[in-house]
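Nothing fancy with the numbering, it's 1 onward along the sequence.
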Amino acid sequence: MVRAIVGANWGDEGKGKITDMLAKESDIIIRYQGGSNAGHTIINNYGKFALHLLPSGVFYSHTTSIIGNGVALNIPYLIKEVNDLVSKGVPKPAILVSDRAQILMPYHILFDQYEEERLGKRSFGSTKSGIAPFYSDKYAKIGFQVCELFDEESLKEKVERVCEMKNVLMEHLYHKPAIDPEELFKTLLEYREMVKPFVCDVSNYLHNAIKEGKNILLEGQLGSLKDTDHGIYPMVTSSSTLAAYGAIGAGIPPYEIKNITTVVKAYSSAVGAGAFVSEIFGDEADELRRRGGDGGEYGATTGRPRRMGWFDAVASRYGCRIQGATEAALTVLDVLGYLDELPVCIGYEIDGKVTKDFPNTVELNKAKPVYTTLPGWKCEIRGIKKYEDLPENCRNYIEFIEKELETPITMVSNGPGRDDIIYR
């Protein structure tokens with residue numbers, strides 16, 4: 001069976017923990033989109049880890065971790081992540097890399113940095129990991145697939161051709177040093193040796209695994225609102241963050257995805273620019289940021305302070321719908337125990353009218369939050385294992401959110417650890 005684990009919001013919902021937890025019962029875990037531009041924080045028996053390219057199931061000896069064709073593959077970063085895990089006592093994971101995965105090139109990172117500099121105040125708040133230039137090249141058909149590393153003559157010709165094009169931008173738009181095609185070619189040969197042990201026809205491998213009845217997890221990066229098509233465009237990532245893309249980015253038939261677990265945060269947070277209707281500021285935001293996550297709300301990749309807000313039912317319901325959620329996992333609920341009252345954004349006021357439907361970006365930029373307030377539970381809930389043992393006001397909050405989401409909440413996370421979970 002194939003199950004997708006995806007985010008409902010801006011990312012940072014706690015997908016890594018849910019994947020790590022469900023990987024115990026899985027055979028294969030696949031990253032199917034994005035790159036090293038976002039991270040999943042995992043806390044388990046080995047310690048605390050921030051994964052960026054590797055799937056969140058790498059801590060189990062019985063699993064195979066796959067980098068799918070839809071991923072922006074930063075080869076040296078992948079090898080560094082594996083070596084970092086091993087250096088901290090984690091058994092070396094079994095990893096496969098799709099021969100159709102495209103390579104994130106050194107110049108993609110440079111172009112990302114240079115473009116953010118050029119845009120100045122109009123920048124997108126990029127992590128400068130090279131993701132937008134990577135996907136631009138992929139769809140312009142001047143990217144490099146892993147399989148191309150193994151045909152040196154063709155590779156050299158393509159490197160020279162692409163560098164000729166890229167150096168026009170380097171010289172005339174960014175006024176930066178030109179890319180040396182000889183050096184780039186040598187770098188790609190080094191990449192080939194790094195990735196060679198892992199390369200596989202992943203689609204065929206998964207075809208056989210499905211026939212054998214293996215349990216497969218698709219792990220999404222970021223969340224619904226950062227999707228290129230259905231998110232808060234243009235302040236989005238450069239790949240599809242939806243479960244539907246899992247079929248494409250892994251190389252499996254769409255009808256094989258039977259369960260879509262959509263992870264929802266018990267409050268809101270976001271890294272980067274873009275519309276954020278329920279955002280809060282000042283001391284109120286600082287307090288929630290300090291208490292949030294597993295050690296404060298800061299980006300796992302960038303370290304940037306996350307923007308904070310109250311739970312946004314409009315955005316979260318839309319996020320679940322666009323993912324095709326079959327169930328929801330509610331995370332970081334334990335963080336909210338210090339509050340007397342819990343504001344929940346249940347509607348948007350746009351041009352004097354209130355809507356409960358998530359609008360397009362033009363309308364979204366005019367939206368003001370409409371709140372209702374629920375009483376807090378004012379106590380620690382970590383360590384509780386049974387739903388009925390949660391305080392009444394806590395259960396009321398969960399059930400209110402569930403009704404707003406129009407999706408059953410089957411898991412409630414009440415702490416950062418792998419076992420801090422309540423099943424409903």
Side-chain angles (χ1 to χ4, degrees), residues 6-7 9-12 15-16 30-40 50-56 67-81 97-98 100-119 122-146 162 166 169-170 173-174 179 187 191 195 218-242 245-246 248-250 270-274 299-304 306:
V6 288
N9 305 113
W10 298 262
D12 310 311
K15 297 179 295 300
I30 310 167
R31 271 290 307 277
Y32 63 84
Q33 48 85 216
S36 61
N37 54 317
H40 290 161
L51 299 180
H52 302 277
L53 264 176
L54 287 172
S56 299
I67 305 295
N69 56 273
V71 171
L73 175 61
N74 184 328
I75 291 174
Y77 203 110
L78 175 67
I79 303 307
K80 177 181 178 296
E81 276 204 339
V97 173
S98 172
R100 295 175 184 269
Q102 297 221 359
I103 302 162
L104 190 133
M105 305 291 277
Y107 55 74
H108 288 144
I109 296 169
L110 294 176
F111 277 112
D112 204 353
Q113 293 168 355
Y114 297 159
E115 182 63 6
E116 288 288 279
E117 286 172 17
R118 189 183 74 84
L119 289 171
R122 295 175 291 119
S123 70
F124 293 99
S126 167
T127 61
K128 301 176 185 175
S129 305
I131 304 302
F134 165 88
Y135 280 109
S136 296
D137 281 1
K138 179 174 181 174
Y139 293 109
K141 297 178 284 292
I142 53 171
F144 291 81
Q145 287 189 331
V146 166
V162 171
K166 295 295 178 186
L169 292 173
M170 282 292 195
L173 182 62
Y174 298 118
I179 304 162
T187 298
Y191 284 8
V195 79
L218 297 170
E219 180 181 14
Q221 182 211 52
L222 295 168
S224 304
L225 304 183
K226 289 292 185 178
D227 181 74
T228 312
D229 287 279
H230 298 283
I232 52 172
Y233 189 86
M235 299 304 182
V236 292
T237 194
S238 300
S239 63
S240 176
T241 61
L242 304 184
Y245 187 76
I248 299 165
V271 170
T301 299
T302 62
R304 287 185 291 186
R306 290 179 181 140

Handout entry: Check: Asn9 side chain, Gly11 main-chain N or O, donor-acceptor pair, under 3.5 Å
Key = no

Practice task
Please list, chain by chain and in numerical order, all residues satisfying ring pair (Phe, Tyr, Trp, His ring centres under 6.0 Å) with Tyr135, sequence neighbours excluded.
Solution key: none

Exercise for the section: Evaluate side-chain contact (heavy atoms from CB on, under 4.5 Å) for Trp10 paired with Val236, printing each intermediate quantity in order. Expected result: CA-CA 9 Å; Trp10 298 262; Val236 292; over 6 Å; no

Handout entry: Backbone of Leu222 reached by a side-chain donor or acceptor of Thr237 within 3.5 Å
Key = no

Exercise for the section: Applying side-chain contact (heavy atoms from CB on, under 4.5 Å), run through Asn74 and Met105 and close with a yes or a no. Expected result: CA-CA 7 Å; Asn74 184 328; Met105 305 291 277; over 6 Å; no

Problem - Closest contact, heavy atoms only, Leu53 versus Leu78 - result: CD1-N, 3.9 Å

Exercise for the section: For side-chain contact (heavy atoms from CB on, under 4.5 Å), just list the numbers for Ile103 and Val146, CA-CA rounded to whole Å, side-chain angles, deciding distance to a tenth of an Å, and then say yes or no. Expected result: CA-CA 6 Å; Ile103 302 162; Val146 166; 4.1 Å; yes

Fill in the blank from the handout: Note: Ser129 and Ser36 closest approach over all heavy atoms is OG-O, 4.1 Å

Practice task
Check the surroundings of atom NZ in Lys80: do more than 12 heavy atoms from other residues, nucleotides or ligands lie under 6.0 Å from it?
Solution key: no

Completion exercise
Here the pair of heavy atoms bringing Glu81 nearest to His52 is OE2-N, 2.6 Å

Practice task
Evaluate the side-chain proximity of Asn69 to Gln145: yes if any heavy-atom separation is below 4.5 Å, no if none is.
Solution key: no

Fill in the blank from the handout: Output for pair (Ile67 CD1, Leu54 CG), nearest 0.5 Å, gives 6.0 Å

Practice task
For the pair Gln33 and Thr241, evaluate side-chain contact (heavy atoms from CB on, under 4.5 Å) and give the outcome as yes or no after the intermediate values.
Solution key: CA-CA 7 Å; Gln33 48 85 216; Thr241 61; 4.1 Å; yes

Exercise for the section: Measure the spacing between CZ of Phe134 and OH of Tyr139 and express it to the nearest 0.5 Å. Expected result: 8.5 Å

Problem - Heavy-atom closest contact (Gly34 atom, Ser239 atom, distance) - result: N-OG, 3.5 Å

Practice task
Check whether any side-chain N or O of Gln102 sits under 3.5 Å from a backbone N or O of Gly70 as a donor-acceptor pair, and report yes or no.
Solution key: no

Exercise for the section: Measure the CG-NE2 distance between Asp227 and His230 for me, rounded to the nearest 0.5 Å. Expected result: 6.0 Å

Completion exercise
Taken to the nearest 0.5 Å, the spacing of Tyr191 OH from Leu104 CG works out to 8.0 Å

Exercise for the section: Taking the side chain as every heavy atom from C-beta outward, state whether Leu173 and Arg118 have any pair of such atoms under 4.5 Å apart. Expected result: yes

Fill in the blank from the handout: Closest non-hydrogen atoms of Ser238 and Thr228, given as atom of the first, atom of the second and distance, are C-OG1, 3.4 Å

Problem - Smallest separation among heavy atoms of Ile131 and Gly35, with atom names - result: CD1-CA, 4.0 Å

Practice task
Decide side chain to side chain donor-acceptor pair (under 3.5 Å) for Tyr32 and Gln221; before the verdict, give the C-alpha distance in whole Å, the side-chain angles of both, and the deciding distance to 0.1 Å.
Solution key: CA-CA 8 Å; Tyr32 63 84; Gln221 182 211 52; over 6 Å; no

Handout entry: Expected output: side-chain Asp112 to main-chain Gly130 donor-acceptor under 3.5 Å
Key = yes

Fill in the blank from the handout: Rounding to 0.5 Å, atoms CD (Glu219) and CG (Leu51) come to a distance of 8.0 Å

Practice task
Output yes when Asp12 and Lys226 qualify as a salt bridge under the 4.0 Å nitrogen-oxygen rule, no when they do not.
Solution key: no

Problem - Aromatic ring pairing Tyr174/Tyr114, orientation class (parallel under 30°, perpendicular over 60°, tilted between) - result: tilted

